[in-house]
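Single-structure report; data block below.
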Amino acid sequence: MLLKVIPVGLLSVNCSVLIDEDSKGAMVIDPGADAEKIVKSLEGFELLAIVATHGHVDHIGQVKTLKERFNVPFYMHPADTFLLNDPVWHGFDKQIGASLPCPLPDVELKDNMEIRLGKTSLRVLHTPGHTPGLCCLYSEEDKILIAGDLLFKGGVGRWDLPGGNLEDLKRSLRRVFSELEDDVLVVCGHYEETTIGWERKFNPYLKSMLS
Ligand SMILES: [Zn+2]
Ligand SMILES: [Zn+2]
């Protein structure tokens, strides 16, 4: 599996483009802004699915554009649909390069569901806390976790936004750090990549979150 991480928009959301090199099938995760940049990265490949880790506008801002262009299903957890066209984004959407209204998900993500991309498959981990529907996508074979805003290098996701919940966030972090090994690469929702091992050792917030 080939992974391209493309920072998009004013808030530098990490849009992940996953490609199965044999079948040339591709999946886009968190297309928040800069649709043209994302489309360019898909040249030579066939887009099969659009996935959002959660419903915040900086992560879903170009789902509409890509769906209209490629007519492929949009995957998201149903617990976040209330966020998609929340009037709270009004004005902010334009600033960060989002095109609303966002279509509702065609396929509902569920915990432990497998999403296939050619020979590879991604497992859905429903990890609420930052939002009620936040899901990580995990490739067992490549040891890559697409984490959305669950976790950042040296930080954790905010729980004070609409639908956020600290107890859920703690539970989700405990789960991820008990299920995944240290050599798993983590693509965070914003900023740098990290690994489970680095966070286990150096993340100052995790100690209290995991205990
Ligand atoms: Zn978020
Ligand atoms: Zn975000």
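Just so you know, ligand 1 is whichever comes first in the structure, and atom 1 is the first atom listed for that ligand. Numbering of residues begins at 1 and proceeds along the displayed sequence. Being a predicted model, the structure only gives us computed values, none of them experimental.
Proximity of Phe45 to Asp20: side-chain heavy atoms (C-beta onward) are nowhere separated by under 4.5 Å. In this structure, the side chains of Asp34 and Gln62 stay at 4.5 Å or more apart for every pair of heavy atoms.
Of all protein atoms, those of element N, O or S that lie under 2.8 Å from the Zn ion (ligand 1) number 4.
Of the charged side-chain nitrogens involved, at least one lies within less than 4.0 Å of a carboxylate oxygen, so that Lys143 and Glu181 count as a salt-bridged pair.
There is a path of hydrophobic side-chain contacts, each under 4.5 Å, that joins Met76 to Leu100. In this structure, Ile196 is not a member of the same hydrophobic cluster as Leu122, with clusters built from ILVMFWY side-chain heavy atoms closer than 4.5 Å.
When each of Asp30, Asp149, Asp80 is paired with His54, the side-chain hydrogen bond (donor to acceptor under 3.5 Å, both in side chains) condition holds for Asp149 and for no other.
Of all N, O or S atoms in His190, the one lying closest to the Zn ion (ligand 2) is NE2.
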